[in-house]
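Letters A, B, ... mirror the listed sequences (proteins, then strands); counts begin at 1.
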Amino acid sequence: MSERADIQSDEQHYDPQALQAKWQRRWEELQPFRADDDPADTRERRYVLDMFPYPSGDLHMGHAEAFAIGDVVARYWLQRGHNVMHPIGWDSFGLPAENAAIKRNAHPAEWTYANIDTQANSFKRYGISFDWSRRLHTSDPEYYRWTQWLFTRFFERGLAYRKGGLVNWCPADQTVLANEQVKDGRCERCGAEVVRRELTQWYFKITDYADRLLDDMTQLEGEWPERVLTMQRNWIGRSEGADVDFAIEGRDEPVTVYTTRPDTLYGATFFVVAPDAPLAEEIVSEEQREAFEAYRAEVAKLSDIDRLSTEKEKTGVFLGRHAINPVTGERMPVWAADYVLSDYGHGAIMAVPAHDQRDLDFARAFDLPVQVVVHTGLADPGETGVATAGEGTLVNSGPLDGLSKAEAIKKIIEVLAGRGTGRAAVNFRLRDWLLSRQRFWGCPIPIIHCPDCGEVPVPDDQLPVTLPDMRGEALAPKGVSPLASADDWVTVACPKCGGSARRDTDTMDTFVDSSWYFLRYVDPSYEEGPFDVEKLRLWGPVDQYVGGVEHAVLHLLYARFFTKVLHDMGMVDFTEPFRRLLNQGQVINQGKAMSKSLGNGVDLGQQIDAYGVDAVRLTVVFAGPPEDDIDWADVSPAASQKFLARAFRVMAEAGAASAPGADVSTGDLELRRFTHRTVDEVTKLAESHRFNVAVARLMELTSAARRAIDAGPGAADPAVREAAEALAVMLSLVAPYTAEEGWERLGRSASVARAGWPVVDPALLVQESVTCVVQVAGKVRDRLEVSPEISEAELEALALASDKVRAFLDGDPRKVIVRAPKLVNIVP
RNA sequence: GGGGCCGUAGCCCAACGGUAGAGGCGGCAGUCUUAGGAACUGUACAGAGCGGGUUCGAAUCCCGUCGGCCCCA
């Protein structure tokens, strides 16, 4: 025992580390967080889910925040009497394991599963209320068997297909990337600048679901952060316009372009093709071929960032051909220019320099004509160099003259449709999801390439296609999948014809694994399918999802897509996987993201060693609103620990002075009022996720109980017990160890996690009197203690009778605003 | 370039259009202590980034502006 013994009794000494050891053991015995699958359990079911972690070493401060917040929700619902499922698993395929394996000459699984063990132990220490019986790992064959099964179902439905084309290639990771994994032209994972490569790859046809992904967001309105919905809308990028067919001189088939501004067709003065589009290659004239090839080679070196930069000077080359404007009949020169991307629309655009800035910049650079067709009242773009993209009246446009933009769009589509050279069209920014990866540590694509039968899915009874045993140098990136060199594994009999065939050697994007994991938690050992459809009916969809905003257009979009496909397959009842979403902020330090190079990292394990789990959890919850970033330099885990010690002493002293079951109605009324008011407020705050404010209320309750013990009715008063018990239950959401020990000291049986939320007595919320503010011209001049039931007339009379108020009035007031019972404002 | 969010004490953060401060950190003072901690008690510090407007009344609503962050281009 420390020297403190003489000041603080042993009984009341707060020793977080000892509590942690004790209660971890007890929770193992009690299993308070098992979710009940029994349909006869009539409690309301709630499914709380944290985005599962990638096992990259031990848990860090970011996990500490995310999981502490998710745990508040899960524990709150449990206290409210719900049947809560709060599972945990690991997103355990992925590149870092492979890189570690190469470095250590080991198998990626060794590193992966060692890290999972470390994280699992840390989670247990961290006291998160997981139902450990539902644990899963996406790299287990029992799991990825079903990822493969889903892939083959997608394949059968035409939702997984292979195509050639230009793809994003990360030169550092030596693999292709999906569009979603390219941020500002860089690899979202490693930051390397992405280049374009021509490759044949597997895709999921997420574009088939573009409309539904957009429309179903109405279900999420108000339940998901608005900015995530906005990001998804932007990403999907639905626009309405028209497809217009342009004849190209010397080409049989017309070329279709998509435009959002068909009304400006009369102002289209030239035609631009993406230099890397097959069309450019096809139509370039012999005289211009050499110049074109040189230009295309130049452009190939550029990243999309460079290509789209508005700073960059416009470049391009004339293709020696002309397109015919379908309405004016004029010949429009066809150019290749890098500001047009091959994957936008059809890889070609009609250029309307007067009303599109990029077209205008290009026209001015190459001295192409500018034809104004919308009169906006602004100066001529040909003179100013500023395109006029806004509303206006159509001019120089034949039948469109005099119409507004909206009218003209409608009219021109009718005209084009009548002639069969155009039609209304919807365009999406969203591209199909490229899922092949040229890496080892992922889910093998269950396809066999047969020279006779083509792409043959591996039959269900042969799943899973397990990874061959490869390690160390064999995994080093070579630009093709390491699996390609595992000859024995690759060579296989075709399931259809029995002839010699080869396995697909790519693995799936790990975002495929995580697109359905939340469904498997209902029964991770289920062997009849990817998930138990009946159990999912009980639990799905996820009621509260918690995770970082960085997945706004990645995981969240993919998981929504998978859910819709599974809905169409009749396997899930719902169309949206996550009812509510909470994005927690980042934990930073000294204004910057923690990083090794800055040397500003904060180690979670060290924080826990120094202050205890509860203090760390309390700190992250109390630091601010859940979605705000926490700067560790601004917060004080030491102060959290002090508060917990105070709260603990209140519970211990109340427990020592009284036994459970006393008649609370005889307790100190003032404290009882305070307790019930606090419970009422904390309830509302928990419901609305204002956990930081809820913690502040618990601090107040602790102080109130302390005052009652020291300078009020004393520790034995039933009101003190009532306050201490309410404190233990509410505190258990954030500081489970302290709450559990306090609850035990109060003579109650474990676990406090299932004690039940305190019941508010409405009679105790009614106040005897309230302070009424009396303002004169909006300035506070007096305060009156009045009954909450006071009438407006009474209150007005009282206010006007006040001497302090009269001093600011001469004569009768012009107006008196009464908001009984809290405020009177007198306008002199 | 377009759109969104946010600017409240030294700091982190609260506050149905109604008393600017709930809570915490850090100050300061005191009780206790040989002292330092710890514990406890008390206390100071902002008129809301800036400028307009609406209103009896604006941190809160509207417009503009500055600064920070994010998304799309």
message = What is the separation between atom CD on A/Glu653 and atom P on B/A39, rounded to the nearest whole Å?
response = 14 Å
query = Between B/G23, B/C71, B/A73, which nucleotide has the shortest distance from any of its atoms to the side chain of A/Met231?
reply = B/C71
query = When you compare B/G26 with B/C13, how far apart are their C1' atoms, in angstrom units rounded to a whole number?
reply = 14 Å
ask   = A/Arg706 near the nucleic acid: base, sugar-phosphate alone, or nothing, with a heavy-atom cut-off under 4.0 Å?
value = nothing
key: Rounded P spacing from B/U33 to B/A20 in Å   = 43 Å
request  = Measure from NZ or CZ of A/Arg781 to the centre of the six-membered ring of A/Phe808 and say whether it is under 6.0 Å with the direction within 45° of the ring axis.
outcome  = yes
ask   = Taking the six-membered ring for Trp, are A/Phe511 and A/His551 parallel (under 30°), tilted (30 to 60°) or perpendicular (over 60°)?
value = perpendicular
request  = Report the residue (A/Arg707 or A/Asp634) whose heavy-atom-nearest nucleotide on RNA chain B is the more 5′ of the two.
outcome  = A/Asp634
task = Sort out the partner of B/G64 for me: Watson-Crick or G-U wobble, both distances under 3.5 Å, none otherwise.
result = B/C50
remark   = Answer for the Watson-Crick or wobble partner of B/A58, both distances under 3.5 Å, is none
note = Partner of B/C69 under the Watson-Crick or G-U wobble criteria, both distances under 3.5 Å, comes out as B/G4
request  = Check every strand shown and say whether A/Lys815 touches a base, only sugar-phosphate, or nothing at a heavy-atom separation below 4.0 Å.
outcome  = sugar-phosphate
query = What distance, rounded to whole Å, do you find between the two P atoms, one in B/A9 and one in B/C72?
reply = 32 Å
inquiry  = Any base atoms under 4.0 Å from A/Lys779, or only sugar-phosphate, or nothing? Heavy atoms, all strands.
reply    = nothing
query = Does a side chain donor of either A/Ser703 or A/Arg646 reach within less than 3.5 Å of an acceptor in the other side chain?
reply = yes
key: Note: A/Glu687-A/Arg580 ion pair, threshold 4.0 Å (strictly below)   = no
ask   = Aromatic rings A/Tyr545 and A/Phe578: how do their planes relate, parallel, tilted or perpendicular, breaks at 30° and 60°?
value = parallel
ask   = If you measure from the P atom in B/A15 to the same atom in B/G7, how many Å do you get, rounded?
value = 11 Å
ask   = Base, sugar-phosphate alone, or nothing: which one does A/Arg814 contact when heavy atoms must sit under 4.0 Å apart?
value = nothing
inquiry  = Whether A/Asn692 contacts B/A14 is assessed here as follows: a side-chain N or O lying under 4.0 Å from the phosphate OP1 or OP2. Is that the case?
reply    = yes
inquiry  = I'd like the P distance from B/G57 over to B/G52, given in whole Å.
reply    = 16 Å
ask   = What is the distance from atom CH2 of A/Trp235 to atom CD of A/Gln232, rounded to the nearest 0.5 Å?
value = 11.0 Å
inquiry  = Base, sugar-phosphate or nothing for A/Val827? Non-hydrogen atoms, less than 4.0 Å.
reply    = sugar-phosphate
message = If you only use heavy atoms from C-beta on, which nucleotide in B/C56, B/C71, B/G24 is closest to the side chain of A/Ala639?
response = B/G24
request  = Could you please name the option among B/G18, B/A14, B/C71 that lies closest to any side-chain atom of A/Pro625?
outcome  = B/A14
request  = Evaluate the ring planes of A/Phe691 and A/His689, with Trp represented by its six-membered ring, and classify them as parallel (under 30°), tilted (30 to 60°) or perpendicular (over 60°).
outcome  = tilted
ask   = Side chain of A/Arg646: nearest nucleotide among B/C40, B/G23, B/A39?
value = B/C40
request  = Can you tell me the distance, in whole Å, between the CD atom of A/Gln586 and the P atom of B/G68?
outcome  = 20 Å
note = Here the distance between atom C1' of B/G37 and atom CD of A/Gln641, to the nearest Å, is 14 Å
Nucleotide B/C70, atom C1' - distance to CZ of A/Arg233 in whole Å = 17 Å
request  = In whole angstrom, give the distance that lies between atom CG of A/Leu644 and atom C1' of B/G24.
outcome  = 13 Å
request  = Could you work out which one of B/C40, B/C56, B/A22 sits closest to the side chain of A/Ala696?
outcome  = B/A22
request  = Provide the distance between the two C1' atoms, one in B/C62 and one in B/U54, to the nearest whole Å.
outcome  = 7 Å
message = Quick check for you: among B/A22, B/C40, B/G23, whose closest atom lies nearest to any side-chain atom of A/Phe622?
response = B/G23
ask   = Any donor-acceptor pair under 3.5 Å joining the side chain of A/Asn825 to the base of B/C56?
value = yes
ask   = Which way is the base of B/G17 turned, syn or anti, if we draw the line at 90° from 0?
value = anti
inquiry  = Nearest to the side chain of A/Glu700, heavy atoms from C-beta on, is which of B/C25, B/A22, B/A20?
reply    = B/A22
inquiry  = For A/Gly778, is there any backbone N or O sitting under 3.5 Å from a side-chain donor or acceptor partner on A/Asn825?
reply    = yes
message = Rounded to whole Å, please give me the gap between CZ in A/Arg690 and P in B/C13.
response = 16 Å
inquiry  = I'd like the P distance from B/U41 over to B/G53, given in whole Å.
reply    = 47 Å
remark   = Judged by nearest nucleotide, the residue sitting upstream toward the 5' end of RNA chain B, A/Val773 or A/Trp235, is A/Val773
request  = Name the nucleic acid region contacted by A/Gln775, choosing base, sugar-phosphate or nothing; use a 4.0 angstrom heavy-atom cut-off, strictly under.
outcome  = base
request  = Would you state whether a donor and an acceptor, one from the side chain of A/Arg227 and one from the base of B/G4, lie under 3.5 Å apart?
outcome  = no
Short side-chain N/O contact from A/Arg819 to OP1 or OP2 of B/C16, under 4.0 Å = no
Distance, C1' atom - from B/G30 to B/G17, rounded to whole angstrom = 42 Å
task = Any strand is fair game: report the nucleotide pairing with B/A39 by Watson-Crick or G-U wobble, both distances under 3.5 Å, or none.
result = B/U31
ask   = How close or far is atom P of B/C12 from atom CZ of A/Phe691, stated in whole angstroms?
value = 23 Å
message = Rounded to whole Å, how long is the line connecting atom CD1 of A/Ile236 with atom P of B/C72?
response = 13 Å
